[in-house]
Amino acid sequence: IQAKRRLDYQPPHFFISTVDLSVKLEDPKTQVKSQLKVIRNGEHRHPLVLDGEELPLIDIKINANSVTRYEQTPTSLTLENVPDEFYLEIYTEIDPASNSSLEGLYKTENAYCTQCEAEGFRKITYFIDRPDVLSEYSVTIYADQKAYPYLLSNGNKVDSGKLEDGRHWVKWHDPFKKPCYLFALVAGDFDLLEDHFKTVSGRKILLQLFVDKGKAKRGKHALTSLKKSMQWDEEVFDLEYDLDIYMVVAVDFFNMGAMENKGLNVFNSKFVLADSESATDEDFFNIESVIAHEYFHNWTGNRVTCRDWFQLSLKEGLTVFRDQQFSADMSSRVVNRIKNVKVIREHQFAEDASAMSHPIRPDEVIEMNNFYTVTVYDKGAEVIRMLHTLLGQQGFKNGIDLYFKRHDGQAVTCDDFVSAMQDANQVDLSQFKLWYSQSGTPVVSVKERFDDATGEYILEFQQINAPTADQQQKQNLHIPIRLEFMCNGEKPSAELFELKQGSQTLTKSGFTEKPTVALLADFSAPVKLEFDYTVDALLKIALQSQDGFSRWDAGQKLFSEYLHGKTPAGSTFKVSLRDIDNLINGIFNDKQADTDWALLAEMLTLPNIETLAQQVSRYYVVELNKARKELESHIANTFSANFLLIYSESAQSGYKYTATQVNKRKIRNLCLHYLAKTDIGDKLVSEQFSASSNMTDSLGALKAAQSALLPCFERLMSEFEQKWADDPLVLDKWFALHASSEIPDILARLDLLLSHKQFNHDNPNRVRSVIGTFAFYNPTGFHAIDGSGYKYIADYLLKLDARNPQVAARIVTPLSQWKKMDEARAELMKHQLTRLLAQPNLSKDLYEKVSKSLS
Ligand code: HT7
Ligand code: ZN
């Protein structure tokens, strides 16, 4: 299996200026006719090579004449000696109903649907399937009218008609040139919600949301979120929507969250459907943010797209940054920042420490689907955020303006983006660009010195960029570090320090006492920090810093060090239980009348086990898990009066998705989580569950019961199951709770879940909720010392890989992290990976991840 390399990029030999598709939807044979206007790019004699996968070819014509001389392989079609400009007609037949990969054109229970990013279009018809070939599309869809009353594609509906046999057709035209990965087609019978948005220039845009029959009520929040996103992009980035219609379709069978196809987004129904009874506050939040993300792609991704897939972060990093800024404006900036940082520390640091380590702009790829990663997306967003930090909001906006001025309608590179930022601000970003090419998590090590006599405070910074699995040589990066100096009785002062060299010193003078410094405020760079903090300094930062993020971070550091101190990994400095009590006392005493409940909840939450695992070189899973549980229990019992007081203070009636209500539910459920570990736990949890009429509080009760291993857990779970027996999307929460339960017979429980009547092996949401949750979030079950958890996952992946390799390759991730484990577990994990690798027909997706993790 051959890898593709970024540096091998060559412009396409041919362009395709127009595409005229006709798709006749029928089982088992869907006919796809495509007429392409092909134009040679420059002077050369290369043949025309088209991509195509699993495509039975019926006919080819050049300028209306049948072609008999061509070469077909399982993945390509080659035509020699073609004219410089011509019409190519290709006729293929495909079977969407048997396409379980959910890539290309596939049939779900009641609808036809496409997913073309990254390379799915080649499963529909032969094409030059790469993002730098931009074409104008016309699409005509034919299908049975009764079963498929809605026939949708990109752009504007331009014509439609009925046929005599009960079938009908609709023709679409998209005036914007686009790469084929943005093509979409949907056919089905849906409930339709409609609304309008008036743009800043006064245009009226029709908004349409298509959801499963009977689910219209659950679509309102998504539509509201869409209007908020459109408004925000106009206000913050001066970006106005360009077509007259914007459609969103929710489907149940989908590999990822959503897809930004031009004018016709396709969404996993999990990120569309919500009402108070069936969805949690977190679901509401995610819907708003994914709707925004896909909408923002219309400019950052669609109007300006990627030249090649190595540049994926050009659109994804930037769009994640944009959706993060949007979410911060819609709710709390600091709590959102904490959320973003948790993703980086829990998942991205793990990826960078693994065999899959890669820069945000990867250099080598076997299967592109494996590179839709937390590195490309979330570290990519951190890189954009650092530019924003260095240039300021106005400088950043000037850069964005220049980027669109230069590149609207083009397929470009990450270098083009940085050049626009650089030119608009007249700064030199050449060193900064290394963030795009260098993988790994930099360590910033800081030492402090204070001279009592002169009042000088000196910080010595050092950056350490250790080799990673993919790169031996590293260079110094340009790292923005926000600092805050705190002195008794004075207002803290903040500043931005730019670390560019291996070692660099910052000297501050005029202090009458040694200041306390909060480093990396707002997590100004995606790095790990090493600093000899004292417990007192961390307590001071946690309770007095001006920066909400620093306060939270200092508390997390105290919790983490305490916990590592309880395992053979050891801590870097000693934190006692008294220190923890002082921290929590301080947090409670700090509570003002206008408390920020959400931040308080974050401050009182211990780092999760996955984040803790990333802080040490050896992961002592059992000991760490035990220490964490014991600490929670200690906190719960020491501060039960405080938790109980806030629990009753934060009670509220009715449900609205407003910041005030959400934050109160958040703190209340956090209190319940702790109170569940006291002797009133079972009673309180059962009461909340029975009284609750919203999913946030019901699930809060179930989670509390699960985590505290309460007797009521099984009973409440079966009540929940009965209530939601016909709603698989809601049952996913129930599946996940079972799969993450730390019970001794967990594998038998998983077997039961897999045979549940609502479980479907072809539905990625179901698979993720059982198999994914177990592998990622059941530390004791997955890491059982007899290796049974690893074997269970490997057995399942062997079956899943044949049906849906993309999902299989994601779920293998926890197995590939064997290097962090003790010898016995590492051996057992490797054994399962070796078994996977020996599978004769392993997909490219799984092959790439498994072979890398074993090398
Ligand atoms: N741009 C999309 C990425 C994507 C995808 C989405 C759904 C199914 C398969 C997919 N492969 C790649 C999603 C996004 O980042 O907005
Ligand atoms: Zn995206």
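Remember, predicted model here, so these are calculated numbers, not experimental data. If you read the sequence from its start, that first residue is 1, and numbering goes on from there. For ligands, and for the atoms within them, numbers begin at 1 and follow the listed sequence.
- Heavy atoms from other residues, nucleotides or ligands lying under 6.0 Å from NZ of K405 number 12 at most.
- Annotation: cation-pi geometry not satisfied between K178 and F183 (NZ/CZ under 6.0 angstrom from ring centroid, within 45° of ring axis).
- Legend: salt bridge (Lys or Arg N to Asp or Glu O under 4.0 Å) pairs involving residues 410-419, not counting sequence neighbours, sorted by first then second residue: R361-D415, D415-K433.
- Residue N369 has no nitrogen or oxygen atom sitting less than 3.5 Å from a nitrogen or oxygen atom of ligand 1, judged on distance alone.
- By the neighbour-count criterion of 12 heavy atoms within 6.0 Å, atom NZ of K262 is densely surrounded, having more than that number from other residues, nucleotides or ligands.
- Among the backbone and side-chain atoms of E294, no N/O/S atom is found under 2.8 Å from the Zn ion (ligand 2).
- Within 6.0 Å of the CD atom in Q410, the count of heavy atoms belonging to other residues, nucleotides or ligands exceeds 12.
- Near E316, with a cut-off below 4.0 Å to any heavy atom, the atoms of ligand 1 are 1 (N), 14 (C), 15 (O).
- Near M259, with a cut-off below 4.0 Å to any heavy atom, the atoms of ligand 1 are 1 (N), 2 (C).
- Taking atom 13 (C) of ligand 1 as the reference point, the nearest protein heavy-atom neighbour is A258 O, 3.0 Å.
- Taking the centre of each ring, F371 and W309 stay at or above the 6.0 Å mark.
- Close contacts of ligand 1 with Q806, meaning ligand atoms under 4.0 Å from a residue heavy atom, involve 9 (C), 11 (N).
- Listed by number with element, the atoms of ligand 1 under 4.0 angstrom from any heavy atom of H293 are 14 (C), 15 (O), 16 (O).
- For atom 4 (C) of ligand 1, the nearest non-hydrogen atom of the protein is M256 CE, 3.4 Å.
- Of the listed options K315, E119, E117, E117 places a heavy atom closest to atom 11 (N) of ligand 1.
- Counting heavy atoms under 4.0 Å from ligand 1, residue E260 touches it through the side chain alone.
- Of all the heavy atoms of Q115, the ones lying under 4.0 Å from any atom of ligand 1 belong exclusively to the side chain.
- Here the protein heavy atom with the shortest distance to atom 15 (O) of ligand 1 is Y377 OH, 2.5 Å.
- Within ligand 1, the atoms closer than 4.0 Å to a non-hydrogen atom of H297 are 14 (C), 15 (O), 16 (O), numbered from 1 in the order shown.
- Judged by the 6.0 Å distance and 45° axis criteria, R307 is positioned over the aromatic ring of Y9.
- For D801, there are no salt bridge (Lys or Arg N to Asp or Glu O under 4.0 Å) partners two or more places apart in sequence or in a different chain.
- Backbone and side-chain nitrogen or oxygen atoms of E294 are examined, and one is located within less than 3.5 angstrom of a nitrogen or oxygen of ligand 1.
- Within 6.0 Å of CG on N841 lie no more than 12 heavy atoms contributed by other residues, nucleotides or ligands.
- Atom 12 (C) of ligand 1 has its closest protein heavy atom at Y372 CE2, 3.4 Å.
- In this structure, NE2 of H293 and OE1 of E316 enclose an angle of 110° at the Zn ion (ligand 2), rounded to 10°.
- Both tests pass for R322 against the ring of F237: distance under 6.0 Å to the centre and angle within 45° of the axis.
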